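Keep in mind it's a predicted model, so treat the numbers as computed, not measured. Remember, it's 1-based here, ligands and their atoms both numbered in the order they're listed.
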Amino acid sequence: MRALIEDFEQRCCRAPRWVAAAPGRINLLGEHTDYNGLPVLPVAIDRRVRIALAERDDATLRVANADPDHAAFSFEASNAIEPGPPGAWGNYVKAAVQGIVQAFERERWRGGDWLVSGDVPVAAGLSSSSALVVASALAFLAANDLHPSRIELAELLAVAERYVGTQGGGMDQAASLLGRAGHALRIDFFPLRTRAVRLPEDVALVACHSLVPAAKAAGARDAYNRRVSECREACRGFERVLDTPPLVNLGELVERFPDRRPAELVELLSTEADPDVVRRCRHVLTEAQRVYRGERLLADGDLEGFGREMFASHASCRDDYDVSGPELDELVQIAADAGALGARLTGAGFGGCTVNLLRRSRVEPFLDAVDRSFYRPRLGRGEDPGRRRFVLAASAGAECVELKD
Ligand code: NG1
């Protein structure tokens, strides 16, 4: 944080007044369930996006990035901010600012000089994008002396991030804002509720990057949005086969028919819907069950049982939801062979990372095994696999601190 403050002082010729910091997240169970109104079980991680800032009297935001690959930009805070090209990093900042301006009544808004830095790996399925949205929101709220509740803010930002063009759910923003050190978070949606689930002491989480970028803002965006509309199509199918009023999402189906098992519902749908839509639905309904069971297993300290749910989740993401890929599948197989309790792709998929659950004592042999089987054959000589796989700690949620002289 010292380096960020000094960098700010040099660039802006004044001291920053606040530093906002927001963690990325790794999702243990519940993939592609959030936008279906069904639960997830992520962990906020000890990798953060940080923003040092000082306010300005006008509504201009001048935003620089400590990473020279991310060009500086400026814009005016308003309720209709022109986005940059798809995939531009500034769109995540603009998403947060526009979302807040739309949600709160103000005569005038205070912009600021901002400097962004961070260590959440980008395009890894670890939500660097939502961490940037959340940090931006906390920064802009601080400059404007606004203090919504975390729940209110998480709900607002889940919608606000759609500015970038993905029809995302609310997992990432909620995990970043509401995470708790040493805990996973069971999150339910519409309305947003969270419950912390303690992680056993002797457990370690390792992220392994597949070396395939999970570029959701660019190429994979359409594939992601297609999944969202396939799930809506499944709802239309259920309305017909069950002769039931319009369903907002598959979560509402589960609520309306609590006694029907996923297999029975999927069977019914298969008489009416496209086979791809049926498979998507099977993933979503069974994944929700894995979250319910997983939460109980984790609370009971049954790590073997929890790990089995993770492997099953991966198979379902791969076979029914079609969001895995050969590299992610290979990493999961290597993890299983190396004695991981559980492993699966994490985040939207289409590249990015796997999440691996291990006993602490198994971490070193596990890292050796993935380096030997996966990274060494792929990385150039002299490239350090340590930058591609990392042990993560469950950390606290986002915060914005005011710096005292
Ligand atoms: P990633 O792409 O891993 O940050 C996305 C969505 C989540 C959730 C997961 C899949 C956004 C901001 N994030 O996460 O809401 O749907 O995919 O479980 O759209």
Side-chain angles (χ1 to χ4, degrees), residues 22-45 47 49 86-87 89 91-92 95-96 99 120-137 154-177 185 187-190 192 207 209-210 212-231 249-251 280 283-284 287-288 290-291 310 313-314 316-318 320-325 328 344-355:
R25 63 98 188 96
I26 197 158
N27 190 20
L28 301 183
L29 275 180
E31 220 59 84
H32 292 275
T33 45
D34 59 352
Y35 52 81
N36 285 298
L38 288 163
V40 294
L41 196 67
V43 168
I45 58 176
R47 300 285 189 119
V49 169
W89 77 278
N91 286 348
Y92 295 96
V120 187
V122 174
L126 300 179
S127 271
S128 61
S129 57
S130 295
L132 177 55
V133 171
V134 170
S136 299
E155 285 191 316
L156 187 165
L157 294 179
V159 177
E161 193 171 327
R162 298 194 186 141
Y163 175 87
V164 306
T166 17
Q167 293 301 309
M171 162 166 64
D172 304 345
Q173 303 82 1
S176 184
L177 276 161
L185 268 196
I187 307 177
D188 289 83
F189 300 93
F190 317 126
L192 187 65
H209 202 291
S210 62
V212 179
K216 183 159 56 68
R221 186 177 67 174
D222 294 346
Y224 182 93
N225 288 341
R226 208 173 315 122
R227 299 298 180 281
V228 178
S229 49
E230 284 167 337
C231 291
N249 54 37
L250 289 170
R280 307 295 185 250
H283 165 75
V284 171
E287 186 74 354
R290 285 185 281 275
V291 175
M310 291 175 73
S313 166
H314 183 78
S316 179
C317 285
R318 180 192 62 208
D320 278 345
Y321 223 62
D322 285 335
V323 292
S324 189
L328 287 165
R344 54 184 290 280
L345 67 81
T346 192
F350 317 108
C353 283
T354 59
V355 53

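In summary, the atoms of ligand 1 found under 4.0 Å from a heavy atom of S130, numbered by their order in the structure, are 12 (C). Each of the atoms 16 (O) of ligand 1 lies under 4.0 Å from some heavy atom of Y35. Proximity to M171 (heavy-atom distance under 4.0 Å) selects the following atoms of ligand 1: 8 (C), 9 (C), 18 (O).
Of the candidates R25, E31, E161, R227, the one placing a heavy atom closest to atom 1 (P) of ligand 1 is R25. Looking at F189, Y92, Y224 and measuring to atom 5 (C) of ligand 1, the nearest heavy atom belongs to Y224. Residue nearest to atom 7 (C) of ligand 1, selected from D34, I26, T33, L157: D34 (by heavy-atom distance).
Polar contact with ligand 1: absent for Q173 (N/O pair, distance under 3.5 Å). For ligand 1, the polar-atom distance check against D172 finds a nitrogen or oxygen pair separated by under 3.5 Å. Remark: ligand 1 and A348 share an N or O pair separated by less than 3.5 Å (distance only, no angle test). Geometrically, ligand 1 and G169 share a nitrogen or oxygen pair separated by less than 3.5 Å.
Judged by distance alone, the side chains of E161 and S130 do bring a donor and an acceptor atom under 3.5 Å apart.
Annotation: side chain of V323 is in contact with side chain of L345 (closest heavy-atom distance under 4.5 Å). For the pair V43 and L28, the minimum side-chain heavy-atom distance is below 4.5 Å. Side-chain contact between E287 and S313 is present, with heavy atoms from C-beta onward closer than 4.5 Å. Using a 4.5 Å heavy-atom threshold, the side chains of Q173 and L156 count as separate.
The aromatic rings of H32 and Y224 sit tilted relative to each other, their planes meeting at an angle between 30° and 60°.
The two atoms that bring Y321 and R227 nearest to each other are O-NE, 2.8 Å, heavy atoms only.
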